[in-house]
There are 2 protein chains.
Amino acid sequence: MGLSKTEQFTEEDILIARFAKALGHPARIAILRVLIQRKACICGDIVDELPLSQSTVSQHLKELKEAGLIQGDIDGKKVCYCINEQVWRQAQETLGVLFQRYTSCDSRCC
Amino acid sequence: MGLSKTEQFTEEDILIARFAKALGHPARIAILRVLIQRKACICGDIVDELPLSQSTVSQHLKELKEAGLIQGDIDGKKVCYCINEQVWRQAQETLGVLFQRYTSCDSRCC
DNA sequence: TTTTATTATCGTAAATTTACGATAATAGTT
DNA sequence: AACTATTATCGTAAATTTACGATAATAAAA
């Protein structure tokens, strides 16, 4: 059907999946990389860095914003995006915990 | 169009996105959680733990397998899934590096 | 105020995802 | 050999995603 039965799962799992889903496209990783590299936030010249049209980049920015990972502040004619530090740390934490929860049983299966 | 222009992005970014995408659904997080909790691998009674049909769970398992995060070994009538330790660590590493690359500039934007 | 630049949104098309039931495929069991 | 249990796959439907061009919306500049 296309959308998940989100009600049936843990809040935690839904949150992790939401963060992961936002990271689930190369363009969005590339966008985040640009935002991280410049340390300060930059505006829509992210578009110039990506091999995608302006509208498509805008859509990706929207998804990252909806996941909370970035924020955009209007600065005159332009819009300034940057990592949302707090949410970023939350994503780092929740995903990190998931990964660490697997403490090497012997790699053989069964 | 539905699919990404994967050619245009970094191998690294594509890899990260692939891992993240696989983690981008609560059901798949739940599956991984089951596999982690039991430490050893278990079979399709994952189905009993999830609020989804057998075929749907099978589909999610397939996606996790295609991302390399899990592996499934046939054991007679049943199939035994478990975390693929090596790939798991790789995902942990690549995602971890991305997250750590952001070292708190002052949270204010612009 | 008209123009220009920047960004978001709308409309659209094609591919993918999610979900399920039904059915195959496989391997033990009887 | 027939049956049963387990899992994968097929077929299908609906929602979502990805992508783009075209157009709005906004604000600075001329």
Side-chain angles (χ1 to χ4, degrees), chain A residues 1-9 13-14 17-31 34-35 41-67 70-82 109-110, chain B residues 1-9 13-14 17-31 34-35 41-67 70-82 109-110:
Chain A
M1 295 180 174
L3 189 48
S4 53
K5 310 171 140 184
T6 25
E7 313 78 26
Q8 320 247 30
F9 298 100
D13 286 357
I14 293 169
R18 187 139 37 100
F19 286 139
K21 193 177 184 187
L23 298 174
H25 193 290
R28 294 196 283 274
I29 300 294
I31 288 173
V34 172
L35 292 179
C41 45
I42 31 134
C43 324
D45 46 19
I46 301 166
V47 174
D48 300 333
E49 301 259 13
L50 297 198
L52 297 169
S53 74
Q54 181 267 319
S55 58
T56 301
V57 171
S58 187
Q59 221 172 264
H60 283 301
L61 285 167
K62 191 181 175 189
E63 276 172 77
L64 286 169
K65 203 162 52 180
E66 277 169 358
I70 67 173
Q71 62 189 86
D73 294 347
I74 298 170
D75 175 27
K77 203 185 288 185
K78 308 182 176 182
V79 175
C80 229
Y81 284 101
C82 65
C109 199
C110 301
Chain B
M1 301 188 166
L3 189 48
S4 52
K5 310 170 142 185
T6 25
E7 313 79 25
Q8 320 248 30
F9 298 102
D13 286 356
I14 293 169
R18 186 140 37 101
F19 287 139
K21 193 178 184 186
L23 298 173
H25 193 289
R28 293 195 285 272
I29 300 295
I31 288 173
V34 172
L35 292 179
C41 47
I42 31 132
C43 324
D45 45 20
I46 301 167
V47 174
D48 301 333
E49 301 257 15
L50 296 198
L52 296 170
S53 75
Q54 182 265 321
S55 57
T56 302
V57 171
S58 187
Q59 221 172 264
H60 282 301
L61 285 167
K62 193 181 175 190
E63 277 173 76
L64 287 169
K65 204 163 50 180
E66 277 169 359
I70 68 173
Q71 63 189 88
D73 292 347
I74 297 170
D75 176 26
K77 202 185 291 185
K78 308 183 177 182
V79 175
C80 231
Y81 284 100
C82 65
C109 199
C110 303

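Note that this is a predicted model, so its numbers are computed, not measured. By convention in this document, chain letters (A, B, ...) are assigned in the order of the sequence lines, proteins followed by strands, and residues within each chain are numbered from 1.
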Trainee: Please check this pair: side chain of B:Arg28 against backbone of B:His60, looking for a donor-acceptor N/O pair closer than 3.5 Å.
Mentor: no

Trainee: Got B:Leu64 and B:Ile31 here, is their nearest side-chain heavy-atom distance under 4.5 Å?
Mentor: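 Result yes, sub-4.5 Å side-chain heavy-atom pair found.
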
Trainee: When you look at A:Ser58 and A:Gln54, which way does the side chain to side chain contact (heavy atoms under 4.5 Å, CB included) test go after all the steps?
Mentor: CA-CA 6 Å; A:Ser58 187; A:Gln54 181 267 319; 4.1 Å; yes

Trainee: Rounded to the nearest Å, what distance is computed from the CG atom of residue A:Asp75 to the P atom of nucleotide D:dA27?
Mentor: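 That distance rounds to 12 Å.
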
Trainee: Can you identify which nucleotide, out of C:dT7, D:dA8, C:dG21, has its nearest atom closest to the A:Lys78 side chain?
Mentor: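 Among the listed nucleotides, the one closest to the side chain of A:Lys78 is C:dT7.
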
Trainee: Output, in order, the C-alpha distance, side-chain angles, deciding distance and verdict of side chain to side chain contact (heavy atoms under 4.5 Å, CB included) for A:Gln71 and A:Asp73.
Mentor: CA-CA 7 Å; A:Gln71 62 189 86; A:Asp73 294 347; 3.9 Å; yes

Trainee: Whole-Å distance between C:dT7 C1' and A:Leu64 CG?
Mentor: 16 Å

Trainee: Taking only side-chain nitrogens and oxygens of A:Tyr81, does any of them come within less than 4.0 Å of OP1 or OP2 of C:dT6?
Mentor: no

Trainee: Without decimals, in angstroms, what is the distance between A:Glu63 CD and C:dT16 C1'?
Mentor: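 Roughly 14 Å, once rounded to whole Å.
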
Trainee: Can you tell which of C:dA22, D:dT6, C:dA8 lies closest to the side chain of A:Ser58?
Mentor: C:dA8

Trainee: Send over the distance from A:Gln59 CD to D:dC20 P, rounded to a whole Å.
Mentor: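 For the pair A:Gln59 CD and D:dC20 P, the rounded distance is 10 Å.
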
Trainee: Once you round it to whole Å, what is the distance between C1' of D:dT16 and CD of A:Glu66?
Mentor: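 After rounding, the reported distance stands at 13 Å.
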
Trainee: Quick one: which of D:dT9, C:dT9, D:dA28 gets closest to the side chain of B:Lys62?
Mentor: D:dT9

Trainee: Please report, rounded to the nearest Å, how far the C1' atom of C:dA22 is from the CD atom of B:Gln54.
Mentor: 11 Å

Trainee: Nearest to the side chain of A:Ser55 - D:dA8, C:dA8, C:dT9?
Mentor: C:dT9

Trainee: With side chain to side chain contact (heavy atoms under 4.5 Å, CB included) as the criterion, how do B:Phe19 and B:Ile14 come out once you've worked through the C-alpha distance, each side chain's angles and the decisive distance to 0.1 Å?
Mentor: CA-CA 9 Å; B:Phe19 287 139; B:Ile14 293 169; over 6 Å; no

Trainee: Counting side-chain heavy atoms from CB outward, which of D:dA8, C:dG28, D:dG21 is closest to B:Lys77?
Mentor: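 Selected nucleotide (nearest to the side chain): C:dG28.
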
Trainee: Between A:Gly76 and A:His60, just flag the one whose closest nucleotide in DNA chain D comes earlier from the 5' side.
Mentor: A:His60

Trainee: So does B:Thr56 get a side-chain nitrogen or oxygen closer than 4.0 Å to the phosphate oxygens (OP1/OP2) of C:dA19?
Mentor: no

Trainee: Quickly work out the B:Asp48 CG to D:dA5 C1' distance and round it to whole Å.
Mentor: 13 Å

Trainee: Nearest whole Å is fine: how far is C:dT17 P from A:Lys21 NZ?
Mentor: 11 Å

Trainee: In terms of the nearest nucleotide of DNA chain D, which residue is placed more toward the 5' end: A:Ile74 or A:Gly24?
Mentor: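 It is A:Gly24, whose closest nucleotide lies nearer the 5' terminus.
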
